[in-house]
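Structure first, commentary second.
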Amino acid sequence: MPELPEVETIRRHLEAGVLGRRIVAARTLRGDLRRPFPPDLAKRIQGRRIELLDRRAKYLIVRLDHELALLIHLGMSGRILIGSTGDAIAKHVHFILDLDDGRRIALQDPRRFGLVDLVPTAALDAHPLLRALGPEPLAATLTGAALANALKGSKTSIKAALLDQRRIAGLGNIYVCEALFRSGISPKRAAGTVSGDRARKLVAAIKAVLKDAIAAGGSTLRDHRLPSGELGYFQHHFQVYDREGQPCPGCDCKGGIKRLVQGGRSTFYCAKRQR
DNA sequence: AACAAGACCTGCATGC
DNA sequence: TGCATGCAGGTCTTGT
């Protein structure tokens with residue numbers, strides 16, 4: 001499910017809703033997701049106060065007092081929902097935080113590709129899952145030149161390169177397809193040939209599509225929800241993603257939007273506008 | 001070293 | 001209706 005815009009949307013809603021609250025009880029409802037929950041997780045966060053909500057790429061970072069942080073990844077199907085402590089526990093809820101105002105934060109993840117870790121704040125930067133991540137796409141320091149440098153010499157496709165979280169962190173299949181369309185770059189182009197003005201256009205398109213998606217609350221195809229349960233609506237603004245055969249919004253190309261498979265994943269594009 | 005393929009899971013749409 | 005198949009927003013590990 002969640003790419004950067006979905007995680008950022010969730011972060012903002014949690015920040016507005018639960019900042020400053022204390023965790024009165026926590027519970028894990030199974031032993032693992034993609035990896036085991038940390039030992040004694042529930043016990044170690046009981047009584048902690050939620051001090052800050054951060055995001056790094058697709059990771060949500062819940063900063064607690066006592067210099068602790070929850071590191072959460074939502075995988076493909078993860079949601080974070082705010083309810084109340086009296087609620088029945090829904091199917092596929094694996095982790096629960098009960099707060100001092102009677103509300104409950106629940107992590108629901110049917111496919112269990114997500115993960116939760118508990119990390120001392122001082123160890124966050126060196127965490128194995130965060131250490132190797134590339135730059136944040138929305139950072140001012142990510143310029144066309146910086147991206148071109150990260151892609152230099154790479155013979156893999158630009159589509160695959162943008163999905164590689166070590167080169168740029170936070171993009172997934174949807175927003176890579178959309179950004180390549182907006183910048184007129186073929187998904188099949190060798191990554192190393194994206195430089196100069198082309199790289200500048202690509203970076204501008206990446207930033208624009210992410211900002212547009214965040215403003216829309218992310219994209220709800222199946223799983224993504226805001227913590228309130230509301231849907232995102234950026235899916236109504238897709239220009240190419242999941243639109244195979246439909247007319248290209250930018251031209252009258254024959255057959256409309258094309259689909260191909262790269263690295264085992266669908267790519268949607270216009271063969272005429274994207275070169 | 002870079003890259004592709006397989007693995008991890010459940011749910012849903014499709015076709016027979 | 002039931003069953004098999006394939007596909008899905010991610011990423012880690014394995015093999016070439």
Side-chain angles (χ1 to χ4, degrees), chain A residues 1-10 29-37 55-60 71-80 90-95 107-117 127-134 137 150-180 187-192 206 209-210 212-214 216-226 231-245 259-268:
Chain A
M1 162 191 71
E3 305 182 30
L4 187 154
E6 288 74 36
V7 178
E8 177 61 18
T9 297
I10 290 166
L29 299 171
R30 54 174 297 120
D32 62 355
L33 298 177
R34 190 170 91 212
R35 45 162 46 185
F37 284 107
R55 179 190 57 72
R56 173 74 172 103
K58 303 174 193 174
Y59 289 88
L60 186 66
L71 185 62
I72 299 173
H73 195 284
L74 297 174
M76 290 274 268
S77 60
R79 289 176 183 169
I80 290 182
K91 198 172 180 187
H92 303 307
V93 167
H94 310 303
F95 182 47
L107 170 63
Q108 184 179 43
D109 183 5
R111 292 174 74 177
R112 309 205 303 269
F113 288 170
L115 68 88
V116 176
D117 202 1
H127 194 286
L129 295 170
L130 302 183
R131 200 174 43 203
L133 290 174
L151 300 173
K152 197 166 54 184
S154 173
K155 293 164 95 163
T156 196
S157 68
I158 185 66
K159 165 77 189 305
L162 293 176
L163 286 174
D164 180 349
Q165 304 294 301
R166 294 168 301 187
R167 293 194 155 97
I168 177 170
L171 302 179
N173 208 29
I174 292 177
Y175 299 107
V176 165
C177 290
E178 294 295 319
L180 287 172
K188 293 185 270 193
R189 171 178 283 276
I206 288 169
V209 74
L210 294 179
D212 290 350
I214 291 167
S219 303
T220 298
L221 298 187
R222 279 171 276 282
D223 299 308
H224 171 59
R225 291 290 138 90
L226 311 192
L231 309 181
Y233 59 87
F234 190 71
Q235 66 279 11
H236 301 303
H237 300 283
F238 292 167
Q239 295 186 284
V240 290
Y241 185 81
D242 206 19
R243 291 177 52 87
E244 183 181 13
R259 185 180 88 97
L260 78 121
V261 175
Q262 293 175 290
R265 320 201 49 199
S266 290
T267 300
F268 301 90

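The chains referred to below are lettered A, B, ... by the order of the sequence lines, with proteins before strands, and numbering in each begins at 1.
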For the side chain of A:Thr156, counting heavy atoms from C-beta on, which of C:dG9, B:dG11, B:dC3 is nearest?
-> B:dC3

Distance in angstrom units between A:Leu4 CG and C:dG10 P, rounded = 11 Å

Atom pair distance, as rounded to whole Å: CZ in A:Arg166 and P in C:dT13 = 12 Å

Donor-acceptor pair, A:Glu3 side chain versus A:Gly170 backbone, under 3.5 Å?
-> no

Establish, with yes or no, whether the OP1 or OP2 oxygen of C:dG9 is under 4.0 angstrom from a side-chain nitrogen or oxygen of A:Arg111.
-> no

If only side-chain N and O atoms of A:Tyr241 are considered, is one of them under 4.0 Å from the OP1 or OP2 phosphate oxygen of C:dG9?
-> yes

Of C:dC12, C:dG9, C:dA8, the nucleotide closest to the side chain of A:Leu129 is C:dC12

Say whether, by atom type as modelled, one donor and one acceptor occur between the side chain of A:Arg112 and the main chain of A:Leu33 under 3.5 angstrom.
-> no

Just call it for A:Phe238: base, sugar-phosphate, or nothing, with non-hydrogen atoms closer than 4.0 Å on any strand.
-> nothing

For C:dC7 and B:dA5, measure between their P atoms and round to the nearest Å.
-> 14 Å

Examine distances only and state if a side-chain atom of A:Ser157 and a backbone atom of A:Lys188 form a donor-acceptor pair shorter than 3.5 Å.
-> no

What integer distance in Å separates A:Leu210:CG from C:dG9:P?
-> 16 Å

With the side chain defined as heavy atoms from C-beta on, A:Ile174 is closest, among C:dG9, B:dG11, B:dC9, to C:dG9

Parallel, tilted or perpendicular, as decided by the 30° and 60° cut-offs, for the rings of A:Phe268 and A:Tyr241 = perpendicular

Can you find a side chain N or O atom of A:Arg34 that sits less than 4.0 Å from OP1 or OP2 on C:dC12?
-> yes

For B:dC12 and C:dT11, measure between their C1' atoms and round to the nearest Å.
-> 22 Å

Please assess A:Asp164 against A:Thr156 for the test side chain to side chain contact (heavy atoms under 4.5 Å, CB included), listing each intermediate value before the final yes or no.
-> CA-CA 11 Å; A:Asp164 180 349; A:Thr156 196; over 6 Å; no

Hey, which of A:Ile168, A:Val209, A:Leu163 is the one that makes side-chain contact (heavy atoms from CB on, under 4.5 Å) with A:Val176?
-> A:Leu163

Could you tell me whether the phosphate oxygens of C:dG10, OP1 or OP2, come under 4.0 Å of any side-chain nitrogen or oxygen in A:Lys58?
-> yes

For the pair made of CZ in A:Phe234 and P in C:dG9, what is the distance, rounded to whole Å?
-> 16 Å

Separation of the P atoms in C:dG6 and B:dG6, to the nearest angstrom | 14 Å

Candidates B:dA4, C:dA8, C:dT11 - which lies nearest the side chain of A:His73 | C:dT11

Would you please confirm or rule out a distance under 4.0 Å between OP1 or OP2 of C:dC7 and any side-chain N or O of A:Ser266?
-> no

In whole angstroms, how far is the P atom of B:dA4 from the NZ atom of A:Lys159?
-> 12 Å

Mind checking A:Arg167 for me? I need base, sugar-phosphate or nothing, with any heavy atom below 4.0 Å counting as a touch.
-> sugar-phosphate

Is any side-chain nitrogen or oxygen of A:Gln165 closer than 4.0 Å to OP1 or OP2 of C:dG10?
-> no

Would A:Phe113 pass as stacked on B:dC8, i.e. its ring centre under 5.5 Å from the base's six-membered ring centre and planes under 30° apart?
-> yes

Assess whether side chain to side chain contact (heavy atoms under 4.5 Å, CB included) is satisfied between A:Glu178 and A:Val240, documenting all intermediate values.
-> CA-CA 6 Å; A:Glu178 294 295 319; A:Val240 290; 3.4 Å; yes

List the steps and the verdict of side chain to side chain contact (heavy atoms under 4.5 Å, CB included) for A:Asp117 and A:His127.
-> CA-CA 10 Å; A:Asp117 202 1; A:His127 194 286; 2.8 Å; yes

In terms of the angle between their ring planes, are A:Phe238 and A:Tyr175 parallel, tilted or perpendicular, with boundaries placed at 30° and 60°?
-> perpendicular

To the nearest Å, how far apart are A:Asn173 CG and C:dT11 C1'?
-> 13 Å

Using atom CG of A:Leu74 as one end and atom C1' of C:dA8 as the other, report the distance to the nearest whole Å.
-> 16 Å

Dot-bracket, DNA chain B: Watson-Crick or G-U, under 3.5 angstrom, [ ] crossing, | other strand?
-> .|||||||.|||||||

Under 4.0 Å between a side-chain N or O of A:Thr220 and OP1 or OP2 of C:dG9?
-> no

Base, sugar-phosphate, or nothing for A:Gly264, non-hydrogen atoms under 4.0 angstrom?
-> nothing

Separation of C:dT11 atom C1' from A:Leu33 atom CG, nearest Å, is 14 Å

